[in-house]
Number of protein chains: 2
Amino acid sequence: MNLEVVEQALQANKTLVAFVSCTVSYSGRAETFLEEGDRLIIIKADNTVIIHQPEGNNPVNYMKPGSSVSVEQTDEGVIIHVLHEKEKAWLDITISKIHNMMSEKLVDGQKMELAGNEKDMSDYIRDNPTVIAADFTPYSREEHTDVGFIDVFGKDKNGAVVIECKRVTASLSAVDQLRRYVERVAAIKGTANITGIVAAPAITPNAAKMLASYNLTFVSVEPPKRLERWKKHQKSLGEF
Amino acid sequence: MNLEVVEQALQANKTLVAFVSCTVSYSGRAETFLEEGDRLIIIKADNTVIIHQPEGNNPVNYMKPGSSVSVEQTDEGVIIHVLHEKEKAWLDITISKIHNMMSEKLVDGQKMELAGNEKDMSDYIRDNPTVIAADFTPYSREEHTDVGFIDVFGKDKNGAVVIECKRVTASLSAVDQLRRYVERVAAIKGTANITGIVAAPAITPNAAKMLASYNLTFVSVEPPKRLERWKKHQKSLGEF
DNA sequence: TCGGATAGGCGCCCA
DNA sequence: TGGGCGCTTATCCGA
């Protein structure tokens with residue numbers, strides 16, 4: 001271990017990664033402790049600190065950007081102190097052994113482009129209203145009320161239509177949301193004659209049952225672009 | 001770059017990290033693309049793949065455990081292909097330059113201990129029922145119904161009591177949940193006389209209004225142990 | 001900053 | 001395996 005290496009890397013706005021044996025203590029929104037073991041530590045230039053165990057997708061501990069990082073040499077080993085004043089949180093990494101480490105100044109101004117989220121889906125419904133019903137006319141997206149905002153709001157021949165979109169299988173909470181909006185619109189319009197629709201690729205059985213009990217309906221809508229590139233990819237694999 | 005180094009690391013159940021310049025393509029539940037820039041790539045022994053940009057808490061792209069990883073040398077550079085058959089997802093990392101890399105076999109059988117989550121809070125309510133009401137008697141936690149499970153279920157002098165816990169400020173969705181459970185219990189018991197309580201440190205104004213409109217109530221409960229170690233830490237800092 | 005909702009959410013538990 | 005839901009959720013967006 002070399003304190004100077006760590007401190008120089010941090011000073012130079014580098015990203016530092018280290019394989020270490022360590023224990024981890026965290027206190028903030030909750031409190032955690034992790035016994036000794038081998039982990040990967042990442043310290044970014046913005047003082048984000050991330051600790052990964054050897055398996056799994058998620059970090060076991062982390063501190064968000066804007067922390068302050070300091071390093072201390074003690075009898076127990078090297079301790080990395082991370083403090084986030086604003087969040088009243090701190091993290092201590094007590095390192096008994098550094099197996100390997102490296103640091104690098106990384107330059108990256110790019111932002112990830114993403115397609116296929118729920119906004120794309122409500123856009124798709126607005127632009128292709130017949131996927132809901134032949135006589136459906138959308139008015140607005142993200143209509144705000146004091147009980148939340150309605151994904152797609154419009155009308156059909158019977159009156160107002162409230163649509164809650166989900167890009168994945170709709171669950172009980174989707175029915176909750178829809179019911180909340182429909183009741184609000186009914187209260188505003190002074191009529192119980194509102195059509196409420198969950199638009200999603202599928203719905204769970206319990207949610208479907210609950211939906212029906214409130215005279216709300218489900219319309220199956222696939223999120224746009226889903227799996228297109230996957231299928232293309234599979235096809236190209238098949239050509240080998 | 002050295003394909004063999006990467007492949008040997010993966011074969012040997014090592015965790016591999018690399019600073020690279022790359023582009024990233026993903027297709028699965030959505031589709032993403034990330035233009036050329038410097039990133040940190042992590043490939044774990046379980047074939048978890050994580051890509052971090054130089055700043056921020058969260059990975060920009062990832063593939064969950066259980067993927068298959070292969071490496072290919074092309075004219076454009078080295079491509080790391082990650083495929084998750086089951087999830088019908090794939091990720092390609094096209095690397096123009098490797099700045100630095102290292103790998104290590106990590107051994108870690110530990111599991112993080114956590115205090116201060118919602119389970120601790122409902123335990124606390126069960127063990128200290130007077131924080132809800134003087135005459136409250138808890139029966140069970142995680143009582144299952146077909147519309148979800150009730151955090152804490154019990155009785156008071158008026159009848160059944162349903163409690164929904166939140167460790168942070170309760171929102172509209174917490175009221176939704178509680179209402180859903182209360183209605184279900186009322187239907188089962190055949191009575192409308194059910195007491196429904198949101199137990200949380202705070203509640204948003206709109207949620208409070210909605211709660212009141214359904215004759216449900218809010219009880220302020222702090223999640224246990226919150227900030228205790230923070231305060232101790234601050235005190236010890238103050239002693240310097 | 002707060003409130004509300006989505007997320008390529010993830011991960012855990014339980015039927 | 002799917003449903004339901006919490007999460008040190010994070011992140012985005014609008015008021």
Side-chain angles (χ1 to χ4, degrees), chain A residues 26-32 48 56-65 84 87-91 112 114-122 142-151 164-174 176-177 180-181 202-208 223 225-227 230, chain B residues 26-32 48 56-65 84 86-91 112 114-122 142 144-151 164-174 176-177 180-181 202-207 223 226-227 230:
Chain A
Y26 161 80
S27 177
R29 283 183 283 201
E31 315 219 324
T32 74
T48 302
N57 192 55
N58 283 0
V60 65
N61 280 108
Y62 59 89
M63 292 285 278
K64 283 191 279 191
H84 204 303
E87 305 209 337
K88 296 185 179 179
W90 57 264
L91 178 79
M112 190 183 68
L114 185 146
N117 56 7
E118 204 206 54
K119 184 177 177 303
D120 291 337
M121 190 170 165
S122 56
E142 305 290 289
E143 183 77 26
H144 279 64
T145 76
D146 63 344
V147 292
F149 40 93
I150 300 167
D151 282 342
E164 174 59 31
C165 296
K166 293 292 168 205
R167 58 188 297 284
V168 294
T169 301
S171 187
L172 293 171
S173 60
D176 283 338
Q177 277 184 59
R180 203 199 306 149
Y181 306 147
I203 187 166
T204 66
N206 287 348
K225 308 245 167 161
R226 171 109 168 81
L227 296 185
W230 165 263
Chain B
Y26 161 81
S27 176
R29 282 184 283 203
E31 315 221 323
T32 73
T48 302
N57 192 52
N58 283 359
V60 65
N61 279 108
Y62 57 88
M63 291 285 279
K64 281 190 280 190
H84 205 303
K86 203 170 177 184
E87 305 207 340
K88 296 186 179 177
W90 57 265
L91 177 79
M112 190 183 67
L114 184 145
N117 57 5
E118 203 205 59
K119 183 179 177 301
D120 291 337
M121 191 170 163
S122 57
E142 306 289 289
H144 280 64
T145 76
D146 63 346
V147 292
F149 39 93
I150 299 167
D151 282 341
E164 174 59 31
C165 297
K166 293 293 168 203
R167 60 186 293 283
V168 294
T169 302
S171 188
L172 293 171
S173 61
D176 283 338
Q177 275 185 57
R180 202 199 306 149
Y181 305 147
I203 186 167
T204 66
N206 285 349
R226 172 114 167 78
L227 295 186
W230 164 265

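We name chains A, B, ... by the order of the sequence lines, and we start the count at 1 in each one. Atoms considered below: every heavy atom in the structure, side chains included; atoms not considered: hydrogens, waters and symmetry mates.
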Looking at [X], does any N or O in its side chain come under 4.0 Å of the phosphate oxygens OP1/OP2 on [N]?
{"X": "A/N61", "N": "D/dT8", "result": "no"}
{"X": "A/Q177", "N": "C/dG4", "result": "no"}
{"X": "A/N117", "N": "C/dG8", "result": "no"}
{"X": "B/R29", "N": "C/dT6", "result": "no"}
{"X": "B/K166", "N": "D/dG6", "result": "yes"}
{"X": "B/Y62", "N": "D/dA10", "result": "no"}
{"X": "B/K119", "N": "D/dG6", "result": "no"}
{"X": "B/S173", "N": "C/dG4", "result": "no"}
{"X": "A/T204", "N": "D/dG3", "result": "no"}

Item checked: Spacing of the P atoms in D/dT8 and C/dG4 (rounded, Å) -> 23 Å
Notebook entry, point to check: Mind checking the P distance from C/dG8 to D/dG4? Whole angstroms is fine.
Noted result: 23 Å
Item checked: Close side-chain approach of B/N206 to B/L172, heavy-atom, < 4.5 Å -> yes
Item checked: Minimum side-chain heavy-atom gap B/M63-B/Y26 below 4.5 Å -> yes
For nucleotides 12-15 of chain D, print each protein N/O atom paired with a nucleotide N/O atom at under 3.5 Å, atom names and distance only.
none

Identify, with sequence neighbours excluded, every residue that meets side-chain contact (heavy atoms from CB on, under 4.5 Å) alongside [X].
{"X": "B/A170", "value": "B/K166, B/A174, B/V198, B/A200, B/I203"}
{"X": "A/N58", "value": "none"}
{"X": "B/S122", "value": "B/R141, B/V152, B/C165"}

Next item on the list: Name all residues meeting the side-chain hydrogen bond (donor to acceptor under 3.5 Å, both in side chains) criterion together with B/D151; count only those two or more places apart in sequence or in a different chain, and write none if there are none.
Entry: none
Margin query: Run the salt bridge (Lys or Arg N to Asp or Glu O under 4.0 Å) test against A/D176 and tell me which residues pass, sequence neighbours left out.
Written below: B/R180
Spacing between [X] atom [atom1] and [N] atom [atom2], to the nearest angstrom:
{"X": "A/E118", "N": "C/dG4", "atom1": "CD", "atom2": "P", "answer": "17 Å"}
{"X": "A/N206", "N": "D/dG4", "atom1": "CG", "atom2": "P", "answer": "4 Å"}
{"X": "B/E87", "N": "D/dT1", "atom1": "CD", "atom2": "P", "answer": "11 Å"}
{"X": "B/E31", "N": "C/dA7", "atom1": "CD", "atom2": "C1'", "answer": "16 Å"}

Notebook entry, point to check: Which residue, A/G116 or B/A170, contacts DNA chain C at a nucleotide closer to its 5' end, judged by nearest heavy atom?
Noted result: B/A170
Notebook entry, point to check: Which residue, A/D151 or B/T169, contacts DNA chain C at a nucleotide closer to its 5' end, judged by nearest heavy atom?
Noted result: B/T169
